[in-house]
Q: 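Dumping the structure here so I can ask a few things about it.
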Amino acid sequence: MVHTFQALGVNIAVDVNSGAVHVLDELTYHLLEQATPPMAEHCPADIAAKLPQYAPADLEEAWQELRGLAEQGLLFEEDDYIDREKAASMQQQALVKALCLHVSHDCNLRCKYCFAGTGDFGTGHRMTMSVETAKKAIDFVVRKSGPRRNIEVDFFGGEPLMAMDTVKETVAYARSLEEQYNKHFRFTITTNGMLLNDENIAYINREMSNAVLSIDGRKEVNDDLRPTAGGQGSYDVIVPKFKKLIAERGDKEYHLRGTFTRFHKDFAEDVKALTEIGKYVSVEPVVGKESDPYAIQESDLPELKAEYERLAEYLRDRRDVNFFHFNVDLSQGPCVIKRLRGCGAGCEYVAITPDGDIYPCHQFVGNEEYKLGSVYDGTFNKELSSRFAGLNIYTREECRNCWARFYCSGGCSASNLLVNGNIQHPHKVGCELERKRLECAIAIKAIDAGLAD
């Protein structure tokens, strides 16, 4: 499988199965569009006839270059993962290596697109996690992680700063177990910033390996989508605090994380605005049911794809900015399992609620059909977890022939359920945007690597 496309004025071909990326001149690009494996010894007459604007000698020379790439395994390479024992073994249940710890099911914002029901996850019951429950969650992941040493814990909500005492005691408890169980904890916190103060900023910068700072871009956009419980804008409150946290964070990881909806489709302007606050930015499309007024519709795709092109043009010349969704590893660096299965929700990664209930990830919380168990009674639904472990780019039929499959790893099960009612079937609109993001990202990487002028 070879995917050819044009972006940022560059002609690019991705050999999907080898991971090779080729920047091509116009002739070779058009010739490759016509070629199919196995490649004949010489350029076929019927293909040459389709490209009369090029001289036969030039076509033959380009053809031989393409044949050479194919012989090196860099073009029309076969899929050496499919049906192999390695792919089949993914059906097995995995070790749990990451927690999304819902220390708060309450929030001081009322975001218009909130999947968490403004903090209570649709339960009508606002609460924070007790220290006892948090400790049981840490005990659970220590036990379920087996021999794995590195464990990730994301403090999440609602708004986790509403349960800051629980956060601090959880970190201290986890650290107290590291030497005894040969574990190393890496902590992240996701916050809307409203409750940040000097003390919390210092603590986050000391203890959290990553800080995810929620903000949707320009003041008018953020205040429209992320008002307070009283209906006021949040931008002027959070931006000075985010700037202080970033300034004092040193070289530790952080992301300014935003969401765009169909209310504000010129999201490139929001990315630009966020780069004035910090250089690590993540702005991604909202996911919602087709009936949700903010949800992106198929009719929005042309406009949004053009917006990604505009953003790529801007970021091509901003080497100081790290846009999360344009980060792509052209060497296919992540391990095989990561490339085939993705985030590992429900098997390698789970969410735990303030009540101690276990779900595949934060977006499944409250859906009793997908409850995996509880840290209190020790239950864990191995059959359901194995079902998630078995989700990969080969068990999802729509993914098997998609050129982007090794980059997106099959997409998001929660989004699939929300939109299609089935974790197995990818979200079509989301897939279209993912493929466009990848084309832009690959073009930028090719330019950065010196493969294109």
Side-chain angles (χ1 to χ4, degrees), residues 3-10 12 14 111-115 214-226 255-275 280-318 321-328 342 363 398-399 402-405 407-412 414-420 425-447:
H3 176 63
T4 56
F5 65 96
Q6 296 171 312
L8 301 180
V10 181
I12 296 176
V14 177
C111 301
K112 292 181 179 179
Y113 53 78
C114 183
F115 70 87
S214 298
I215 178 173
D216 282 348
R218 293 161 289 175
K219 173 178 168 61
E220 61 271 24
V221 172
N222 182 85
D223 286 352
D224 178 35
L225 296 177
R226 301 179 63 84
H255 282 93
L256 292 160
R257 198 277 188 201
T259 298
F260 70 83
T261 72
R262 74 189 317 251
F263 296 146
H264 305 283
K265 289 181 279 190
D266 57 341
F267 61 86
E269 297 304 314
D270 292 305
V271 174
K272 293 178 185 179
L274 291 178
T275 63
Y280 292 85
V281 178
S282 167
V283 175
E284 59 189 80
V286 72
V287 176
K289 297 178 181 178
E290 191 172 355
S291 58
D292 291 329
Y294 56 78
I296 293 166
Q297 307 293 331
E298 194 167 352
S299 60
D300 298 323
L301 288 175
E303 186 176 351
L304 294 177
K305 288 181 179 181
E307 192 69 6
Y308 272 120
E309 287 270 2
R310 287 203 326 111
L311 179 59
E313 289 280 0
Y314 169 73
L315 292 175
R316 179 179 60 182
D317 301 321
R318 288 296 305 270
V321 175
N322 184 305
F323 181 66
F324 182 80
H325 293 284
F326 282 174
N327 288 338
V328 60
Q363 294 192 69
E398 294 94 331
C399 299
C402 175
W403 73 266
R405 62 185 184 271
Y407 295 101
C408 87
S409 309
C412 173
S415 296
N416 297 345
L417 182 66
L418 178 65
V419 176
N420 297 325
H425 298 301
H427 173 210
K428 181 179 178 181
V429 169
C431 291
E432 286 287 328
L433 292 176
E434 173 71 11
R435 284 190 284 264
K436 185 60 185 180
R437 281 198 299 269
L438 283 169
E439 288 182 346
C440 291
I442 291 169
I444 289 175
K445 286 290 185 180
I447 292 170

Q: Quick one: salt bridge (charged side-chain N to carboxylate O under 4.0 Å, His left out) partners of Glu398, sequence neighbours excluded?
A: none
Q: Taking side-chain hydrogen bond (donor to acceptor under 3.5 Å, both in side chains) as the test, write out the residues that go with Arg316, two or more places apart.
A: Glu313
Q: Any side-chain to backbone donor/acceptor pair from Gln297 onto Ala295? Under 3.5 Å, distance only.
A: yes
Q: With sequence neighbours left out, write down each residue that passes side-chain hydrogen bond (donor to acceptor under 3.5 Å, both in side chains) with Tyr113, or none if nothing qualifies.
A: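 For Tyr113, the residues satisfying side-chain hydrogen bond (donor to acceptor under 3.5 Å, both in side chains) (neighbours in sequence not counted) are Asp216, Arg226.
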Q: Just by modelled atom types, is the Gly217 backbone N or O under 3.5 Å from a matching donor or acceptor in the Asn222 side chain?
A: no
Q: Tell me, do Thr275 and Tyr280 make a side-chain contact under 4.5 Å, heavy atoms counted?
A: no
Q: Could you walk me through whether Val271 and Phe323 pass side chain to side chain contact (heavy atoms under 4.5 Å, CB included), step by step?
A: CA-CA 8 Å; Val271 174; Phe323 181 66; 3.8 Å; yes
Q: Given side chains that start at C-beta, do those of Cys402 and Arg435 come closer than 4.5 Å, heavy atoms only?
A: yes
Q: Which residues pass the salt bridge (charged side-chain N to carboxylate O under 4.0 Å, His left out) test with Lys305, sequence neighbours left out?
A: Glu432
Q: Within the 4.5 Å heavy-atom criterion, are Val429 and Leu301 side-chain neighbours or not?
A: yes
Q: Mind checking what makes ring-ring contact (aromatic ring centres under 6.0 Å, His included) contact with Tyr294, not counting sequence neighbours?
A: none
Q: Flag the pair Val221 / Phe260 as yes when at least one side-chain heavy-atom distance between them is below 4.5 Å, and no otherwise.
A: no
Q: How many angstroms lie between CG in Leu256 and CG in Asn322, if you round to the nearest 0.5 Å?
A: 11.5 Å
Q: Using the side-chain contact (heavy atoms from CB on, under 4.5 Å) criterion, which residues pair with Asn416? Sequence neighbours excluded.
A: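 side-chain contact (heavy atoms from CB on, under 4.5 Å) check on Asn416 returns Arg396, Pro426, His427.
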Q: Give a yes or no on this: more than 12 heavy atoms of other residues, nucleotides or ligands lie within 6.0 Å of atom CZ of Phe263.
A: yes
Q: Sorted by first residue and then second, give each salt bridge (charged side-chain N to carboxylate O under 4.0 Å, His left out) pair with at least one member in residues 288-302; sequence neighbours left out.
A: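 Qualifying pairs, neighbours excluded: Arg262-Asp300, Lys265-Asp300, Glu298-Lys428.
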Q: Given side chains that start at C-beta, do those of Thr261 and Leu225 come closer than 4.5 Å, heavy atoms only?
A: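 The answer is yes, as the side chains (C-beta and beyond) meet within the 4.5 Å cut-off.
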Q: Between Tyr407 and Val14, is any pair of side-chain heavy atoms under 4.5 Å apart?
A: yes
Q: What is the minimum heavy-atom distance between Ile12 and Ala443, and which atoms define it?
A: CD1-CA, 3.5 Å
Q: To the closest 0.5 Å, what do you measure between CD1 (Ile447) and CG (Asp317)?
A: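 Those atoms lie 8.5 Å apart.
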Q: By side-chain contact (heavy atoms from CB on, under 4.5 Å), which residues pair with Ala312, not counting sequence neighbours?
A: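 Ala312 satisfies side-chain contact (heavy atoms from CB on, under 4.5 Å) with Leu8, Phe326, Cys440, Ile444 once adjacent residues are dropped.
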Q: Should the pair Trp403 and His3 be assigned to parallel (<30°), tilted (30 to 60°) or perpendicular (>60°) ring geometry?
A: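 Answer is parallel, since the angle falls under 30°.
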Q: With sequence neighbours excluded, what pairs up with Glu307 under the side-chain contact (heavy atoms from CB on, under 4.5 Å) test?
A: Asp266, Phe267, Ala268, Arg310
Q: Go through the structure and list residues passing salt bridge (charged side-chain N to carboxylate O under 4.0 Å, His left out) with Lys436, not counting sequence neighbours.
A: Glu309, Glu439
Q: Write down the atom of Gly288, the atom of Val419, and the distance for their closest heavy-atom approach.
A: O-CG2, 3.7 Å
Q: Roughly how far apart are His255 NE2 and Ile215 CD1, rounded to 0.5 Å?
A: 15.0 Å
Q: Taking all heavy atoms of Ile296 and all of Pro285, pick out the closest pair and write down the distance.
A: CD1-CB, 3.5 Å
Q: Looking at residues at least two apart in the chain, or sitting in another chain, which of them share a side-chain contact (heavy atoms from CB on, under 4.5 Å) with Ser415?
A: Val287, Cys412
Q: Does Tyr308 form a side chain to side chain contact (heavy atoms under 4.5 Å, CB included) with Leu433? I'd like the steps, not just the answer.
A: CA-CA 9 Å; Tyr308 272 120; Leu433 292 176; 4.1 Å; yes
Q: Before giving the answer on side chain to side chain contact (heavy atoms under 4.5 Å, CB included), spell out for Asp224 and Lys112 the whole-Å C-alpha distance, their side-chain angles and the decisive distance to 0.1 Å.
A: CA-CA 8 Å; Asp224 178 35; Lys112 292 181 179 179; 2.6 Å; yes
Q: With sequence neighbours left out, what residues match His264 under ring-ring contact (aromatic ring centres under 6.0 Å, His included)?
A: none
